[in-house]
Each structure stands twice: as C-alpha cells, then as structure tokens.
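Some notes on the structure that comes next.
So you know, we letter chains A, B, ... as the sequences are listed, proteins then strands, and number each from 1. Excluded from the calculations below are hydrogen atoms, water molecules and symmetry mates; all remaining heavy atoms, backbone and side chain alike, are included.
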Number of protein chains: 2
Amino acid sequence: MDLDHLDKQLVTLLQEDCKKTTKQYADSLGLSKTAVYERIRRLERLGVITNYVALVNKEKVKRDFTVLCHIRLAQHIKENVLRFEREILKLEEVSECFHVSGDYDYILKVHVENMTKFREFMVTKLTAISNIGSTQSSFVISEVKSSTAISI
Amino acid sequence: MDLDHLDKQLVTLLQEDCKKTTKQYADSLGLSKTAVYERIRRLERLGVITNYVALVNKEKVKRDFTVLCHIRLAQHIKENVLRFEREILKLEEVSECFHVSGDYDYILKVHVENMTKFREFMVTKLTAISNIGSTQSSFVISEVKSSTAISI
DNA sequence: AATATATTAGAATATAATTCTGTATTAATT
DNA sequence: AATTAATACAGAATTATATTCTAATATATT
C-alpha cells in the first residue's frame, strides 16, 4: 500500500465528485482512460475508497436542525456501555456518534426538523436510554465548513 | 417541492451507494429505468441531491487520528469572528466547523495522522489564529456510528 | 368532461465503462 | 550488466449503461 502523487490527486478528485467520466479524471491527471480506470479499481481493492454516496441538502429534506449532543454516562460498566452504543445505532436521527476523551463520554450529531422534533427526540429516545448521566446540547447556528473529504 | 415515498426511498438508496446502475434502483423500487432516471434528474434539479462523492478509509490514508476541538473566542466582534471563520476554512486538517450555542462557540472536526501531528496542528495552525480564547480537545476513541446519510 | 401537465414504459441511440492487445517502464533476479 | 518478471500504460474493440425519443397512461386543472 503506497499511494503515489497521482493516486492522491485522484482520491482528492473522487472525494469532490465521483460522477465524472473516467476521461475527465484522465485529462485532469494527464493519463489515459485505462490508466485511471485501473487506478480507481486498485484504490477500491485496497480499501482506500470504501464507497460512493450521494449527499443531500438537509434543508430540502426538512432535517435542517443540527445538534451536537454531549453525553456523560452514569456508570462505565462494560455491559451498560455496549447497550448504550447499541441503542444509539438504532436512532435514525443520529448520523454520527463518537466515543471521546475529555469532559464527556460521547458526542453525537443529530439531525431533526426543528426544536419541537428535537425535544421529542430527547425525551422519547435519547434520555429514554438507560445509563445516561447527563447531556449538554450544542445547537448548530451555522455550518462554517462541512466536508466529507479527508485532505491527503 | 414534495417528495413522495418513491423519491424518499430513492434518496435513501443513493445516500448508501450512488454507483449502482439505474436498472438496479429501478428493480428495488419497482419502476422502469426511465422513471428512475427522471426522478434522479429531478432530485438533482431541485437541489435535494447536491453532489456525489467517494468516501475514504481514514486509516488507509494515514488520517486516522480524529479530534473534536471545542473553541471559545476571546471576543465576539464581527470582524474578528469573520476572520476566524475565514482562517478555519483554510486549514486542510479541519473537515467540519460548526458555530454552536452552549459552552463553546465553535466545534471542529480535525483529522491528522497521530498525536504528534495534532500537536503540530494546534501549535502552528489553530492557536496561531488570533482571537481564540480557549480550546478543549476531545480525542475520538472510537467511531460508534459514522454516516453521511440523513434519514428521511 | 376537456385540456393540460407530469409520469411512466419500452425502444432507439449515444456515451461511457470495461476488456483486450500490445508496448513501455520499472523492479527483481541472476 | 543482462535477463526475466511484474507493473503501468495507451489505444482499439467490445460491452454495458446512460440518455434521448416516442407513445401511452395517469394526474391535476379549468
């Protein structure tokens, strides 16, 4: 596994837009269609590229209200921690959940329609999970930067 | 703008994998290729789907160390706030930056290779930005859930 | 009910992906 | 250094898919 400069450029392009034609990437890189085609297959085979997805405009699908929820667990007994994580995976409003160091144990990214729906989510879903000690919600006022790309 | 059940199903499928053939989506939805083709074009035209991207495995590109940085500004004068946001946009290590309510003003998602690189980032880039009051770093121990899809 | 509009299916066509062939380049082996 | 093997490449040939076209059907509008 070693990516040369062309591979890195290609990954960068694919992270920006994966729906261009092979010819277009080829022109950007100064390679032939076949060369690019083989490189993409290789990046997929190596697991560098994991999948290709469509991104949606949250406003257009009425999930424009984003909250970063900080959670402290009540106790850190293994079984309870695992149950907590299992429950989180089931919540459709949660797109991301990180186990973190620091003041809190977990940080979640939650997408809902509005404050009313968020309250509903908190009351009926999140705090319904046992073992939650305390939560602190940071409401997203604006997305200064929002990219799925990893700079390489 | 009103998405029917088929549109929502289609958006869900495209958020999971946007590289299937029109025929495959058509079979999943019980529609013809043309019907699906037209619906996808419409979703793009309406701005529901904004773009198509490749996702990469952070481990494979040596950006496996993720940190959520909480930032408090020193002062909230408009010009300084805008300068801060402009500077953040330039930092390649930062994939996301949210202006939030609560204890801190901003929460950043940062991807680097390791702790050494993170320290370097903090010292030479992040805290080099003027107007930063204080920071609190939450190191990601594990990604319990990590999706780019919005549930609709 | 009549008309317009949008959605659909299937066929025809255009475009792009994939495979194939041969060549050049690089790396490995002796 | 010469030889072999492996890899990456370009261009042509083929296959598969996207896109367009046509006509029919459904949905909404008056």
Could you check which of [options] has an atom nearest any side-chain atom of [X]?
{"X": "A:Lys33", "options": "C:dA17, D:dC9, D:dT19", "answer": "C:dA17"}
{"X": "A:Ser32", "options": "D:dC9, C:dT8, C:dA17", "answer": "D:dC9"}
{"X": "A:Thr34", "options": "D:dA10, D:dA8, C:dA9", "answer": "D:dA10"}
{"X": "B:Arg42", "options": "C:dA16, D:dA8, C:dT7", "answer": "C:dT7"}
{"X": "A:Leu31", "options": "D:dA10, C:dA17, D:dA8", "answer": "D:dA10"}
{"X": "A:Thr22", "options": "C:dA17, D:dA10, C:dT8", "answer": "C:dA17"}

Polar side chain donor-acceptor pair, B:His70 to B:Asp105, under 3.5 angstrom =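 B:Asp105 and B:His70 do not have a side-chain donor-acceptor pair below 3.5 Å.
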request  = Answer with yes or no whether the side chains of B:Tyr25 and B:Gln9 bring together a donor and an acceptor at under 3.5 Å.
outcome  =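 No donor-acceptor contact under 3.5 Å links the two side chains.
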Nearest whole Å is fine: how far is [N] [atom2] from [X] [atom1]?
{"X": "B:Asp7", "N": "C:dA6", "atom1": "CG", "atom2": "P", "result": "15 Å"}
{"X": "A:Tyr25", "N": "D:dA10", "atom1": "OH", "atom2": "C1'", "result": "21 Å"}
{"X": "B:Asp4", "N": "D:dA28", "atom1": "CG", "atom2": "C1'", "result": "15 Å"}
{"X": "A:Glu38", "N": "C:dA17", "atom1": "CD", "atom2": "C1'", "result": "12 Å"}
{"X": "B:Arg41", "N": "D:dT17", "atom1": "CZ", "atom2": "P", "result": "16 Å"}
{"X": "B:Arg39", "N": "D:dA18", "atom1": "CZ", "atom2": "P", "result": "17 Å"}
{"X": "A:Ile40", "N": "D:dA8", "atom1": "CD1", "atom2": "C1'", "result": "15 Å"}
{"X": "A:Asp2", "N": "C:dA27", "atom1": "CG", "atom2": "C1'", "result": "13 Å"}

query = Is NZ or CZ of A:Arg41 both nearer than 6.0 Å to the six-membered ring centre of A:Tyr37 and within 45° of the ring axis?
reply =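 Positive - A:Arg41 is close enough to the ring of A:Tyr37 and near enough to its axis.
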inquiry  = Need the bend value for the helix from C:dA1-D:dT30 to C:dT30-D:dA1: angle between end axes, 5 pairs each end, nearest 10°.
reply    =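 Overall, the helix from C:dA1-D:dT30 to C:dT30-D:dA1 bends by 40° from one end axis to the other.
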request  = First locate atom CD of B:Glu38, then atom CG of B:Leu31, and finally report the distance between them rounded to the nearest 0.5 Å.
outcome  =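 CG of B:Leu31 is found 12.0 Å from CD of B:Glu38.
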query = Could you state the interatomic distance from CG (B:Leu46) to CZ (B:Arg39), rounded to the nearest 0.5 Å?
reply =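 If I round to the nearest 0.5 Å, the distance is 11.5 Å.
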inquiry  = With a cut-off of less than 4.0 Å, is there a side-chain N or O of A:Tyr37 near OP1 or OP2 of C:dA16?
reply    =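 Looking at the OP1 and OP2 atoms of C:dA16, neither is under 4.0 Å from any side-chain N or O of A:Tyr37.
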Candidate pair A:Arg63 and A:Glu113, rule salt bridge (charged side-chain N to carboxylate O under 4.0 Å, His left out), full reasoning = CA-CA 4 Å; A:Arg63 295 293 184 281; A:Glu113 183 173 358; 5.0 Å; no
request  = Could you check whether the rings of B:Phe139 and B:Phe118 sit parallel, tilted or perpendicular, using 30° and 60° as the cut-offs?
outcome  =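 Geometry flag for B:Phe118 against B:Phe139: perpendicular rings.
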